[in-house]
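These notes are about the structure you will find just below.
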Amino acid sequence: GVLIGALASLLYFVDIVWAHASIPPGTVFIQIGLFALMALATGYLGDRLRQAGAALGEIESELRQLKLSTSDILGAIDTGVATIDGAGRLAYINPAGEGLLGLKESEWQGRPVLEELSRRAPGLAALIRRTATLRRPVRWYETRVPGVEGGEGDRTVGVRTTVLEPEGEEAPWVTVVVQDITDGKRVEELNRRAARLQAVAELAASLAHEIKNPLASIRSAVEQLGSGRIAAGDEAVLQRLVLTESDRLSRLLSDFIEFSWVKLQVPARVDLGKVAAEAIDLVQRHPDGGEGVRIEYDPPREPVVVEGDEDLLHRAVFNLVLNAVQHSGRGGVVRVEVGRASEAEIPAGVPFSSPARIAVSDTGPGVPAEHAQRIFDPFFTTRQGGTGLGLALVHRAVEAHRGAIFLENAPGRGARFTVYLPTDVDGGG
């Protein structure tokens, strides 16, 4: 640009001299100055364009390297990654995803793939559609996929989804992360089986211990009554002792039978607000409901519906409220809340989105720190005369509904039990 500007200035000067043109010297210098200015501007812009081109070249090289590195990483990991565009077409799938889902990128890229995914991994297509519709990722979902030919059969996979919002696209894209958890589930089942056997042994020992004491008292009283060497007043005391211990045994065995038969029957739609209201009414009429305790409950404005066993959920809520009332003491307050939990409220241990939430809090002494880890164990109780099966039943009922229960404890200021239940049984969550 500079050279061309200088040449233009020279030619202009030569033309004036050659043609003997009578142009004022000031005009000549102005024209030559303009040529020089344009030459400098052209040179400056050219240099900036060269620098921008070099920078773009470096960025392009880095992007190419990043793409190669990302492809190498995605190709090397054993976790499947697949991206579905807004129209339900396969945009990308890594080799691990090809192996787990049985799809070849070369065959399915750019083609509608949701129906094929539904056939190969039940529920996966519905999960992708829900993620795209709600524009909200799914934390965890488990399904089964057919094993590779000559392999070990069907595999269990865990699935997470995330939402992508490409520029210029109305519908969001969905990225699916698929992980083979078959071996982990097998180990988990073995551990669960061992834990069940250990729990049965501990439960049998605890039950035997709980039965042994009343039986010993009854035996001693009967022996003294049969000896014929007791005073008339003592006879009445011993008779009351036999009746009291018999009632205790009956109550213990009834609670144990109720605890042992906790299981989810055929699920139906259950309104948790209605269940909570009925459980509260029953607690208020219960002989051990606690005098002078106020129960606060504001029914939800809209029905909070889950799939479950109404009787089982009723027993769980009843035991939670009764436990809170019994530990609040005279003048205490028990607060019952039913609703849907927001994303910010869901603890890290809850594996599903938008759960129903039941919270029962009291103003009692709270749970001592040394007892908090055992609060849901069968036969563990801190209340005189309690069987220790109420909260254990609650825990089993929540587990039967694939939910989660948490204790928020403030010693000296009360305890708060919060239950989270999935609102979509088929969706997995």
Side-chain angles (χ1 to χ4, degrees), residues 191-263 282-283 286-290 311-312 315-316 318-329 362 364-400 405 407 409 411 415 417:
N191 292 335
R192 188 182 296 116
R193 189 177 304 169
R196 280 199 298 265
L197 293 174
Q198 179 66 22
V200 168
E202 293 178 357
L203 192 61
S206 299
L207 182 60
H209 176 75
E210 293 294 329
I211 292 176
K212 182 179 179 180
N213 291 334
L215 283 179
S217 299
I218 292 173
R219 177 185 176 87
S220 175
V222 170
E223 287 178 347
Q224 293 181 58
L225 287 170
S227 66
R229 298 191 300 271
I230 59 174
D234 292 339
E235 182 177 349
V237 173
L238 292 174
Q239 287 176 349
R240 284 197 301 271
L241 175 63
V242 171
L243 291 175
T244 301
E245 293 301 309
S246 298
D247 290 341
R248 180 184 172 191
L249 272 177
S250 178
R251 185 170 63 254
L252 174 66
L253 292 175
S254 296
D255 289 350
F256 180 75
I257 291 172
E258 184 180 25
F259 168 78
S260 63
W261 280 96
V262 170
K263 61 180 179 180
L282 187 59
V283 169
H286 195 275
D288 296 331
D311 290 337
L312 192 54
R315 278 188 283 167
F318 169 79
N319 277 284
L320 277 177
V321 178
L322 182 62
N323 178 76
V325 167
Q326 291 173 340
H327 285 86
S328 292
D362 61 62
V367 181
E370 63 272 18
H371 296 160
Q373 297 298 322
R374 301 186 57 198
I375 197 69
F376 296 111
D377 290 353
F379 301 110
F380 177 79
T381 182
T382 58
R383 188 174 64 87
Q384 184 68 28
T387 62
L389 290 173
L391 290 179
L393 184 146
V394 173
H395 190 268
R396 289 201 66 192
V398 172
E399 281 192 332
I405 182 169
L407 167 63
N409 186 40
F417 291 89

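Position 1 is the first residue of the sequence, and the numbers go up from there. All values below were derived from every heavy atom in this structure, side-chain atoms included, with hydrogens, water molecules and symmetry-related copies excluded.
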If the condition is side chain to side chain contact (heavy atoms under 4.5 Å, CB included), which residues does L215 pass it with, not counting sequence neighbours?
I211, L249

Heavy atoms of S217 and E245 approach each other most closely as CB-CG, 3.8 Å

Is there side-chain contact between L322 and L282, with at least one heavy-atom pair below 4.5 Å?
no

Do H286 and F318 have side chains that approach each other closer than 4.5 Å (heavy atoms only, starting at C-beta)?
yes

For the residue pair H395 and F376, categorise the inter-ring angle as parallel (less than 30°), tilted (30 to 60°) or perpendicular (more than 60°).
tilted

If you measure from CG on L407 to CD on Q373, what distance do you get to the nearest 0.5 Å?
9.5 Å

Rounded to the nearest 0.5 Å, how far does CG of L241 lie from CD of Q224?
9.0 Å

Which pair of non-hydrogen atoms, one from A316 and one from V394, has the smallest distance, and what is that distance?
O-CG2, 3.4 Å

With no hydrogens and no angle check, is any side-chain donor or acceptor of S246 less than 3.5 Å from a backbone partner on V242?
yes

To the nearest 0.5 angstrom, please state how far the CG atom of L238 sits from the CD1 atom of I218.
12.0 Å

So do the side chains of L391 and N323 get within less than 4.5 Å of each other, counting heavy atoms only?
yes

Applying salt bridge (charged side-chain N to carboxylate O under 4.0 Å, His left out), name anything that partners E370, two or more places apart in sequence or on another chain.
none

Return the CG to CD1 distance between N409 and I375, rounded to the nearest 0.5 Å.
8.5 Å

